[in-house]
Amino acid sequence: MPKVVSVHSYRGGTGKSNFTANLATTVAALGNRVGVVDTDVPSPGIHNLFCLEPEQMGKTLNSYLWGEIAIEDAAYDVSNNVGLNGNGTLYLVPSSVKADDIARILKDGYDVKLMNDGFRSLVKALQLDYLFIDTHPGLSKETFLSIAISHVLILILRPDKQDYQGTAVTIDVARQLNVRRMLLTINKAHSKLNLEALKQKVEETYSETVAGVFPLSEDIVQLASEGVFCVRYPEHPVSQEFRHVAQQIVEG
Ligand SMILES: Nc1ncnc2c1ncn2[C@@H]1O[C@H](COP(=O)(O)OP(=O)(O)OP(=O)(O)O)[C@@H](O)[C@H]1O
Ligand SMILES: [Mg+2]
């Protein structure tokens with residue numbers, strides 16, 4: 001059965017798009033057909049990590065939400081762009097980065113049910129094994145939908161008081177929506193922190209499993225969203241940690 005994985009955080013800039021790109025690529029590299037949808041319609045960005053340029057994105061999630069196309073028509077095979085080798089395939093449905101399109105979708109809104117229908121159609125049309133959903137930060141009706149339909153919710157937080165409080169709120173919501181599986185992940189842990197102690201503290205605070213802890217990494221900053229880190233630096237400890245989290249997604 002296809003698995004839906006949504007990647008979320010209460011605050012912005014925590015690493016959702018990076019996690020989505022790296023985890024989706026890692027799962028695809030295991031030989032799976034993987035789709036990624038950029039549901040961050042107000043501020044799309046994950047297409048950069050998949051080396052897809054705006055001029056190549058003639059059709060987008062927006063076109064689908066406006067009833068112009070079938071969602072699979074906005075799916076781009078980015079396997080070669082990221083340098084995926086093996087039997088896996090990776091698709092991205094990007095959101096439009098055109099100012100007019102963003103303004104229109106923010107002004108008029110869209111039917112959230114259509115997004116849900118789109119996920120189903122995409123899984124079917126592309127025969128996906130996994131669908132990853134990159135989200136806009138915070139809580140919204142889109143977040144509720146993606147949490148409710150997910151088999152796995154990856155919730156990212158940084159070791160920061162703003163993130164701690166917001167994550168507590170999101171976990172409450174996820175529990176009320178009866179989320180099937182929640183994997184907390186910690187990102188941007190600075191070098192003076194003891195990662196094992198941090199993991200334990202977060203697990204005790206929220207009574208949830210921490211699936212991975214990622215350091216604040218100059219190497220990620222240096223890549224600057226121009227590619228998928230775990231393909232560029234497969235032996236890097238960060239890539240190993242992505243594989244560790246991906247394993248939990250696949251096995252659970
Ligand atoms: N562990 C890390 N160490 C250093 N920089 C990181 C790390 N993880 C992500 N970044 C960087 O932080 C920035 C934000 O990451 P990313 O875009 O993945 O976050 P996001 O949660 O998707 O943001 P938004 O809420 O705006 O969608 C990017 O420049 C990214 O390269
Ligand atoms: Mg993002």
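Heavy-atom basis, side chains included; hydrogens, waters and symmetry copies ignored. First listed ligand is number 1; within each ligand, the first listed atom is number 1.
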Return yes or no for this condition: an N or O of [X] is under 3.5 Å from an N or O of ligand 1.
X      : answer
Arg11  : no
Ser9   : no
Thr135 : no
Asp134 : no
Gly15  : yes

Task: Result of checking Thr60, Asp101, Asp108 against Trp66 for side-chain contact (heavy atoms from CB on, under 4.5 Å) - done: Asp101

Using a heavy-atom cut-off of under 4.0 Å, does the side chain or the backbone of [X] touch ligand 1, or both, or neither?
X      : value
Asp40  : side chain
Ser17  : both
Pro215 : backbone
Asn187 : side chain

Closer than 3.5 angstrom, by distance alone: can the side chain of [X] be matched with the main-chain N or O of [Y] as a donor-acceptor pair?
X      : Y      : result
Thr135 : Val7   : yes
Arg243 : Pro234 : yes
Tyr10  : Gln162 : no
Thr143 : Gly138 : yes

Open item on the list: Under 2.8 Å from the Mg ion (ligand 2), which protein N, O or S atoms do you find? Ignore water molecules.
Closed with: Ser17 OG

Open item on the list: Give the atom numbers and elements of ligand 1 that come within less than 4.0 Å of a heavy atom of Asn18.
Closed with: 9 (C), 15 (O), 16 (P), 18 (O), 30 (C), 31 (O)

Task: Partners passing side-chain contact (heavy atoms from CB on, under 4.5 Å) against Val123 (at least two apart in sequence or in another chain) - done: Pro2, Leu128, Leu131

- [ ] Look at atom 25 (O) of ligand 1 and say which protein heavy atom is nearest, naming residue and atom and giving the distance to 0.1 Å.
- [x] Lys16 NZ, 2.7 Å

Open item on the list: Give me the residue, atom name and distance of the protein heavy atom closest to atom 24 (P) of ligand 1.
Closed with: Gly13 N, 3.5 Å

TODO: Determine, using heavy atoms of Pro137 and all atoms of ligand 1, whether some pair is separated by less than 4.0 Å.
DONE: yes

Open item on the list: So, 4.0 Å and heavy atoms of Ser43: is ligand 1 close enough to count as a contact?
Closed with: no

Open item on the list: Set out, in order, the CA-CA distance, both residues' side-chain angles and the distance that settles side chain to side chain donor-acceptor pair (under 3.5 Å) for Ser95 and Asp38, then state yes or no.
Closed with: CA-CA 6 Å; Ser95 268; Asp38 189 354; 4.8 Å; no

Task: Donor-acceptor side-chain pairing of Asn62 and Ser96 below 3.5 angstrom - done: no

Task: Full working for salt bridge (Lys or Arg N to Asp or Glu O under 4.0 Å) between Arg175 and Glu208 - done: CA-CA 11 Å; Arg175 285 180 183 150; Glu208 293 288 344; 3.0 Å; yes

Considering only distance and modelled atom types, tabulate donor-acceptor pairs under 3.5 Å from the side chains of residues 24-31, sequence neighbours left out.
from, atom 1, to, atom 2, distance (Å)
Thr25, OG1, Ala21, O, 2.6
Thr26, OG1, Asn22, O, 2.6

Side chains of residues 109-117: which donor-acceptor partners sit under 3.5 Å, not counting sequence neighbours?
from, atom 1, to, atom 2, distance (Å)
Tyr110, OH, Glu142, OE2, 2.8
Asp111, OD1, Lys113, N, 3.0
Lys113, NZ, Asp117, OD2, 3.2

